[in-house]
There are 2 protein chains.
Amino acid sequence: MKSPAGELPQYLLIKAQLQARIQNGALKSGDKLPSERELCAIFNTTRVTVRESLAMLESSGAIYRADRRGWFVTPARLWLDPTQNTNFHRLCLEQGREPKTALLDGRVTTVPLDVMAPLALQPFDQIYLLTRLRYADGRAVCYCENHCLPARVPELLRHDLNGSLTEIYQTHYGLIYTSMHLTFYPTSMPPQAAEALGVMEGRPALLLRRLNYDQHGRILDFDIEYWRHDSLRIEVDTH
Amino acid sequence: MKSPAGELPQYLLIKAQLQARIQNGALKSGDKLPSERELCAIFNTTRVTVRESLAMLESSGAIYRADRRGWFVTPARLWLDPTQNTNFHRLCLEQGREPKTALLDGRVTTVPLDVMAPLALQPFDQIYLLTRLRYADGRAVCYCENHCLPARVPELLRHDLNGSLTEIYQTHYGLIYTSMHLTFYPTSMPPQAAEALGVMEGRPALLLRRLNYDQHGRILDFDIEYWRHDSLRIEVDTH
DNA sequence: AAGTGGTCTAGACCACCGT
DNA sequence: CGGTGGTCTAGACCACTTT
């Protein structure tokens with residue numbers, strides 16, 4: 001049963017068959033796949049091989065795993081145009097998805113090293129660090145760290161930080177997100193993001209860093225976001 | 001030697017140790033890692049476990065595999081600002097990398113279904129399809145399909161297509177890339193791209209689709225690019 | 001308690017790479 | 001040709017979820 005020359009390896013055949021069942025609608029968004037041991041029986045092979053197929057479908061974004069509960073068909077991606085000034089909640093609603101943001105932690109802390117340079121701060125300067133988790137239709141899709149400047153938004157922690165930061169900035173401080181510098185690339189989940197999102201450490205992720213400016217051209221804050229690699233699509237329109 | 005409760009699994013420890021050797025410079029960009037069997041001996045474990053660690057470092061982009069030749073430390077990422085109108089060759093040179101583009105195939109063909117809508121064409125319309133491979137410092141990083149409109153660039157195939165399309169457009173047709181609509185997201189390598197890039201089918205990739213407009217606001221062409229997921233970083237500046 | 005995925009062992013054969 | 005990674009077998013125990 002080894003893969004003979006000129007033929008596809010077994011795990012690619014299994015992958016193709018599962019993929020077909022997703023594309024033809026036999027398996028729908030959110031559906032659970034058969035258990036790994038059932039798949040072994042169906043395809044007459046071992047778990048190592050089945051899991052190779054599943055891992056591959058996972059990297060394509062077609063399926064995902066929920067720790068120890070099984071494999072599921074991935075819902076459609078959210079999409080984001082970084083040149084539009086929108087926020088997560090509006091984004092979701094426009095795309096017919098139900099948004100939720102949960103504040104995991106909000107504190108004053110000394111600026112982390114990798115954030116110091118973008119924010120043009122000195123060592124030991126203090127910042128607000130908000131750690132938040134974003135959901136679309138109840139599924140955690142994004143682990144988010146906001147690094148905010150006390151000079152811009154004093155007493156930030158007094159407000160309800162479970163909603164839109166954009167609105168708090170505007171309502172309470174008269175600050176408007178106006179432009180930004182955005183960097184992103186595929187990488188893997190660091191431990192903290194992995195734990196919060198309920199995915200396994202080291203799984204693929206989309207890392208997104210955002211330096212925001214206000215309407216006066218001053219630096220406002222710096223975000224680090226880890227998105228599930230299967231949950232976001234970026235669209236940019238240049239004019 | 002099973003991972004006891006409260007401890008990290010073995011493959012994460014191995015991953016961390018290899019990562020440390022890369023970050024502290026013991027392993028440099030382009031270096032080959034010890035063979036899988038050597039790593040088994042070093043860490044006193046089996047290939048399945050070692051390969052789990054390697055696969056994880058691969059998804060983070062820290063290392064890559066060259067088919068049957070071993071594992072290597074990944075060179076720095078190229079970066080791209082899609083709102084700038086640049087091209088691959090200029091991009092590389094500005095970043096101190098040596099660019100190369102190889103034409104794999106150039107032909108007239110009927111428009112593929114997934115390209116018909118963006119290009120606003122009808123079924124059975126003809127297009128030029130260029131298949132090209134892009135290298136940075138001799139390493140294949142991008143598999144690229146250009147779908148060009150004969151109405152805009154008649155006799156396109158007569159030109160030397162191993163260089164910059166931008167220049168051919170401008171020099172021979174007076175057409176200038178002016179704006180674009182860009183979509184991208186992480187996914188996995190389809191068979192054709194995988195073969196051309198010398199990576200394994202199903203490995204992670206960054207898919208980039210680009211609809212280009214000329215200086216008159218007319219649709220110019222449509223590109224589909226599969227980048228190695230470890231070779232590109234996107235930077236966007238909004239003003 | 002039964003079943004799931006997560007981790008791991010200890011082998012095997014193959015195709016392909018470099019020498 | 002010897003060594004490499006690519007693929008695969010046939011098991012095992014664990015932590016955790018679900019029933």
Side-chain angles (χ1 to χ4, degrees), chain A residues 1-16 18 31-59 63-73 188-189 191 194-195 197-204, chain B residues 1-16 18 31-59 63-73 188-189 191 194-195 197-204:
Chain A
M1 196 57 69
K2 311 300 162 52
S3 82
E7 289 185 24
L8 286 174
Q10 207 181 152
Y11 73 85
L12 284 182
L13 296 176
I14 297 174
K15 179 199 158 205
L18 291 174
D31 284 358
K32 185 177 184 306
L33 272 65
S35 80
E36 294 181 2
R37 287 168 176 85
E38 283 179 89
L39 291 172
C40 291
I42 292 170
F43 294 111
N44 188 33
T45 184
T46 60
R47 279 182 69 207
V48 171
T49 302
V50 163
R51 282 170 65 82
E52 181 80 2
S53 307
L54 294 170
M56 208 140 283
L57 282 171
E58 185 191 33
S59 20
I63 65 175
Y64 69 97
R65 49 181 121 189
D67 191 50
R68 274 168 239 270
R69 295 194 301 108
W71 297 83
F72 298 82
V73 178
S188 62
M189 287 287 177
E195 197 192 346
L197 287 167
V199 307
M200 286 191 314
E201 178 181 343
R203 290 290 134 193
Chain B
M1 196 57 70
K2 310 301 163 50
S3 82
E7 290 186 24
L8 285 174
Q10 205 179 155
Y11 72 86
L12 284 182
L13 296 176
I14 297 174
K15 180 200 156 202
L18 291 174
D31 283 359
K32 186 177 183 309
L33 274 65
S35 80
E36 294 181 4
R37 285 169 178 84
E38 282 179 89
L39 291 171
C40 291
I42 292 169
F43 295 110
N44 187 32
T45 183
T46 60
R47 280 183 68 207
V48 171
T49 301
V50 163
R51 283 171 65 81
E52 181 80 1
S53 308
L54 294 171
M56 208 140 284
L57 283 172
E58 184 191 34
S59 19
I63 64 175
Y64 69 97
R65 49 182 120 192
D67 191 49
R68 274 167 240 272
R69 294 195 300 109
W71 296 83
F72 298 82
V73 179
S188 63
M189 288 287 177
E195 197 192 347
L197 287 167
V199 307
M200 284 191 316
E201 178 181 344
R203 289 290 133 193

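Not measured: the values here are computed from a predicted model. Chain letters run A, B, ... following the sequence lines, proteins first, then strands; residues in each count from 1.
Looking at Arg203(B) and Glu58(A), no side-chain N of the basic residue comes within less than 4.0 Å of a carboxylate O on the acidic one, giving no salt bridge.
Atom-to-atom, OH of Tyr11(B) to P of dG5(C) comes out at 16 Å; the value is rounded to the nearest Å. In this structure, the CD atom of Glu36(B) is 15 Å from the C1' atom of dG11(C), given to the nearest Å. Rounded to whole Å, atom C1' of dT4(D) lies 13 Å from atom CG of Leu54(B). As a whole-Å value, the separation of Glu38(B) CD from dG2(D) P is 18 Å. In this structure, CZ of Phe43(B) is placed 18 Å from C1' of dT9(C), rounded to the nearest angstrom. What separates CZ of Arg47(B) from P of dC8(D) is a distance of 13 Å, to the nearest Å. The interatomic distance linking Asn44(B) (CG) with dT9(C) (P) rounds to 8 Å, in whole Å. Atom CD in Glu195(B) sits about 12 Å away from atom P in dC16(C), given to the nearest Å.
When every heavy atom of Tyr64(B) is checked against every heavy atom of Val73(B), the shortest pair comes out as CE2-O, 3.7 Å. Minimum interatomic distance between Gly202(B) and Ser59(A) (heavy atoms only, all atoms of both residues): O-OG, 3.6 Å. Shown here for Ile14(B) and Ser53(B), the closest heavy-atom pair between the two residues is CB-OG, 3.5 Å.
With sequence neighbours excluded, no residue satisfies salt bridge (Lys or Arg N to Asp or Glu O under 4.0 Å) with Glu195(B).
The shortest side-chain heavy-atom distance between Met189(B) and Glu201(B) does not fall under the 4.5 Å cut-off. Inter-residue side-chain proximity for Glu36(B) and Trp71(B) is flagged as met; some heavy-atom pair is nearer than 4.5 Å.
In terms of phosphate contacts, Gln10(A) brings a side-chain nitrogen or oxygen within less than 4.0 Å of OP1 or OP2 of dC8(D). Look at Thr45(A) and you'll find a side-chain N or O under 4.0 angstrom from OP1 or OP2 of dT9(D).
In this model, no side-chain donor or acceptor of Arg65(A) finds a partner on the base of dG6(C) within 3.5 Å. Between the side chain of Arg51(A) and the base of dG6(C) there is no donor-acceptor pair of N/O atoms closer than 3.5 Å.
Taking every side-chain heavy atom of Lys32(B) into account, dT4(D) is the closest of dT4(D), dT7(D), dT9(D). Nearest nucleotide to the Thr46(A) side chain, out of dG5(C), dT7(D), dA10(D): dA10(D).
Along DNA chain C, the nucleotide nearest Arg37(B) and the nucleotide nearest Val48(B) are compared for position; the residue whose nucleotide lies closer to the 5' end is Val48(B).
Heavy atoms of Ser35(B) sit under 4.0 angstrom from primed sugar atoms or phosphate atoms, though from no base atom.
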Could I get a table of every N or O pair under 3.5 Å where one atom is in the protein and the other is in nucleotides 17-19 of chain D?
none

